[in-house]
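Beneath this line is the structure, given in C-alpha cells, with notes to follow.
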Amino acid sequence: MKLNITPSAHPTDLKIRSERVADPGFGRYFTDHMVIAKWSAKDGWSDGELHAYGPLSLDPATLVFHYAQEIFEGMKAYRWSDSSVALFRPFENAKRFNRGALRMALPEIPEDFFVESVKQLVAIDKEWVPGKPGESLYIRPFMFASEVAIGVRPSNEAIYCLIATPVGAYFDPTKPVTVWISTDYIRAAPGGTGEVKCGGNYAASLMAQKAAAAQGCEQVVWLDAIEKKWVEEMGGMNLCFVKGKGDGATIFTPKLTGTLLPGITRDSLLTVARDLGYKVEEGMISVDEWRNGVASGEISEVFACGTAAVISIVGGAKSANGSWTHGDGKSAPIAMRLREHLLGIQHGTIEDKHGWVVKVG
Ligand SMILES: *Cc1c(COP(=O)(O)O)cnc(C)c1O
C-alpha cells in the first residue's frame with residue numbers, strides 16, 4: 001500500500017493562510033490537503049491519495065450514518081525553534097487505531113502507511129504548522145464504514161481519511177477546570193467500546209457534558225458503570241492524582257481496566273514522571289478516596305492529560321454529594337513541571353531519551 005501525491009491546484013491564498021496560522025483557534029481552519037484510502041473486503045486496501053482538501057460525497061445510505069461504525073485518532077505536529085517539524089509517538093496512534101478497527105469490525109491499516117500518510121500530509125502542509133508556544137498542527141485520522149446498504153452488519157467497504165487543523169494555545173494555567181462527577185450517565189461498560197476512540201462514545205457523552213455545564217462545570221468525570229464508585233477518566237482526557245508533595249510525590253492514575261481510553265499522553269507522562277524521580281502508581285480510586293484524600297491533604301494536585309491540552313489542572317470537583325477544591329484551586333506545581341518537560345521533548349528543547357520524536361523535515 002503506497003501513497004500517491006497529487007498536489008493541490010489551488011492552495012489557500014498566502015495572506016489568508018498567514019492570518020489563519022497567526023490566530024488559529026481550535027479546529028476552525030483546515031490545511032490545503034487531505035489523504036484518502038479505500039478498502040473493500042474483496043480487494044483490500046487501494047493505494048492512498050494525497051490531494052486537495054475538499055468535501056466527501058457520500059450516498060445517504062452509507063452505513064456509517066446509520067450504525068456509527070467509525071474510529072478516529074488525534075495527534076499533533078510541533079514546530080521547533082529551527083523551524084523543523086516533529087511528530088510525537090505516531091506509531092502509538094497507528095497501533096491504537098488498529099486496535100480500534102478490530103473492535104469496530106473495520107479493517108486494520110498497515111502502520112507504516114498510517115505514519116507515512118501523516119508525515120506526507122504534514123510535509124506538504126508544513127507552512128500550516130504554527131510556531132508560537134503551545135501551538136501545533138492537530139492531525140485527525142479517521143476511518144468509517146462506507147458501504148451503501150441499510151442493514152446492521154460489518155461493512156464490506158471502508159474509507160481511511162486524514163485531515164489537519166492548526167490549533168492555538170488550548171491551555172491557560174490561570175483557568176483550572178471544575179469537574180462534574182456524573183452518576184446519571186455512564187461512558188463505558190465492561191465489554192463495550194470504552195477503550196476505543198470511536199465517535200459513538202462521544203455522541204453518548206454529550207448529554208452528560210450538558211449536565212456538567214448546568215452545574216457550572218467545564219468537564220465531566222466518568223465513574224465505572226457497575227458500582228458508580230471508581231473514577232475512570234475526564235471527558236476526553238485521562239486523570240492523574242498527585243499524592244504527597246515535592247520530590248517524594250507519587251503520580252497516581254486509574255489503571256486501564258478496559259473501560260478507559262489508553263491515552264498516549266497518560267503513558268508518556270508516567271514515563272516522564274519516573275524519569276524525574278517521582279513514584280508512579282496505577283490502581284483504583286473511588287470518589288470517597290478522592291474527596292477524603294483532598295480533605296486530609298494526601299492528594300495535593302489533580303490534573304487531566306491528553307493530546308489536545310497536554311495537561312489541564314483540575315481545580316475542584318462537584319458531585320451530587322458535595323463539592324471540594326484542590327489546594328487553592330489554581331496552583332499545581334508538579335503538574336506544571338510534568339507539562340513543561342513533556343512539551344520540551346515535543347518541541348525539541350529537552351532530550352528525547354525514549355525515541356518518541358519523529359521528524360518530518
Ligand atoms: C483521546 C482520548 C484520551 C487521551 O488520549 P491521548 O492519546 O493522550 O490524546 C483520553 N480519553 C478519551 C476518552 C479520549 O478519547
Side-chain angles (χ1 to χ4, degrees), residues 26-27 68 70-78 87-101 103-104 114-115 118 134 136-143 164-165 167 170-171 177 179 182 185-189 192-209 212 218-225 230-241 251 253-273 282 302-312 314 335 338-339 341-343 345-346 354 356-358:
F26 197 97
E70 183 267 358
I71 53 171
F72 67 95
E73 266 303 325
M75 56 206 290
K76 282 177 166 178
Y78 305 88
L87 301 171
F88 185 70
R89 307 187 74 184
F91 282 95
E92 293 304 312
N93 296 93
K95 288 193 191 110
R96 186 169 68 187
F97 196 64
N98 277 337
R99 290 199 303 270
R103 177 64 182 84
M104 301 304 281
F114 177 100
V115 173
V118 171
S136 54
L137 185 70
Y138 186 83
I139 301 157
R140 168 53 54 85
F142 59 105
M143 191 202 293
T165 168
V167 295
Y170 198 86
F171 177 82
V177 297
V179 294
S182 175
Y185 299 99
I186 57 158
R187 176 182 170 275
T193 55
E195 58 185 354
V196 170
K197 262 184 131 59
C198 65
N201 287 345
Y202 276 84
S205 77
L206 298 174
M207 277 301 291
Q209 185 61 45
E218 289 84 2
Q219 291 287 340
V220 184
V221 164
W222 301 106
L223 303 181
D224 78 287
W230 305 105
V231 177
E232 298 209 320
E233 58 181 310
M234 179 191 98
M237 301 171 86
N238 295 110
L239 276 173
C240 292
F241 299 80
I251 314 301
T253 191
K255 70 174 180 192
L256 301 175
T257 55
T259 49
L260 282 73
L261 199 291
I264 295 164
T265 316
R266 172 190 182 278
D267 182 73
S268 307
L269 282 173
L270 294 183
T271 302
V272 161
E282 295 175 69
V302 182
F303 64 89
C305 62
T307 297
V310 192
I311 280 182
S312 268
V314 179
L338 294 172
R339 177 185 154 81
H341 200 91
L342 188 60
L343 276 172
I345 298 171
Q346 290 166 337
H354 304 284
W356 286 343
V357 165
V358 173

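Counting starts at 1 for both ligands and their atoms, in listed order.
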- Message: Does only the side chain of Met237 get under 4.0 Å from ligand 1, or the backbone, or both, or neither? Count heavy atoms.
- Response: backbone
- Task: Starting from atom 11 (N) of ligand 1, find the nearest protein heavy-atom neighbour and note its residue, name and distance.
- Result: Glu233 OE1, 2.5 Å
- A student checking ligand 1 against Gly235 at a 4.0 Å heavy-atom cut-off should list atoms 13 (C)
- Item | Numbering as shown, the atoms of ligand 1 that approach Arg187 to under 4.0 Å (heavy-atom distance) | 13 (C)
- Electrostatic pair Glu233:Arg266 at N-O distance under 4.0 angstrom: no
- Message: Using a 4.0 Å cut-off to any heavy atom of Tyr202, which atoms of ligand 1 qualify?
- Response: 12 (C), 13 (C), 14 (C), 15 (O)
- Note on the structure: Between Glu73 and the options Arg96, Lys197, Arg99, Arg140, the salt bridge (charged side-chain N to carboxylate O under 4.0 Å, His left out) test singles out Arg96
- Nearest option to atom 3 (C) of ligand 1, as decided by whichever heavy atom of Gly263, Gly236, Cys305 sits closest: Gly236
- Heavy-atom closest pair (Ala308 atom, Phe26 atom, distance to 0.1 Å) is CB-CZ, 4.0 Å
- Item | Protein heavy atom at shortest distance from atom 1 (C) of ligand 1 | Lys197 NZ, 1.3 Å
- Note on the structure: atom 8 (O) of ligand 1 has as its nearest protein heavy atom Thr265 OG1, 2.6 Å
- Query: Atoms of ligand 1 less than 4.0 Å from Thr307 heavy atoms?
  - Reply: 6 (P), 7 (O), 8 (O), 9 (O)
- Query: Minimum heavy-atom separation for Thr259 to Arg187, with atom names?
  - Reply: O-NH1, 3.1 Å
- For ligand 1, which atoms have a heavy atom of Asn238 less than 4.0 angstrom away? 10 (C)
- Query: Would you call Ile345 and Phe88 a side-chain contact if the rule is heavy atoms closer than 4.5 Å?
  - Reply: yes
- Message: Show the atoms of ligand 1 that are less than 4.0 angstrom away from any heavy atom in Arg96.
- Response: 5 (O), 6 (P), 7 (O)
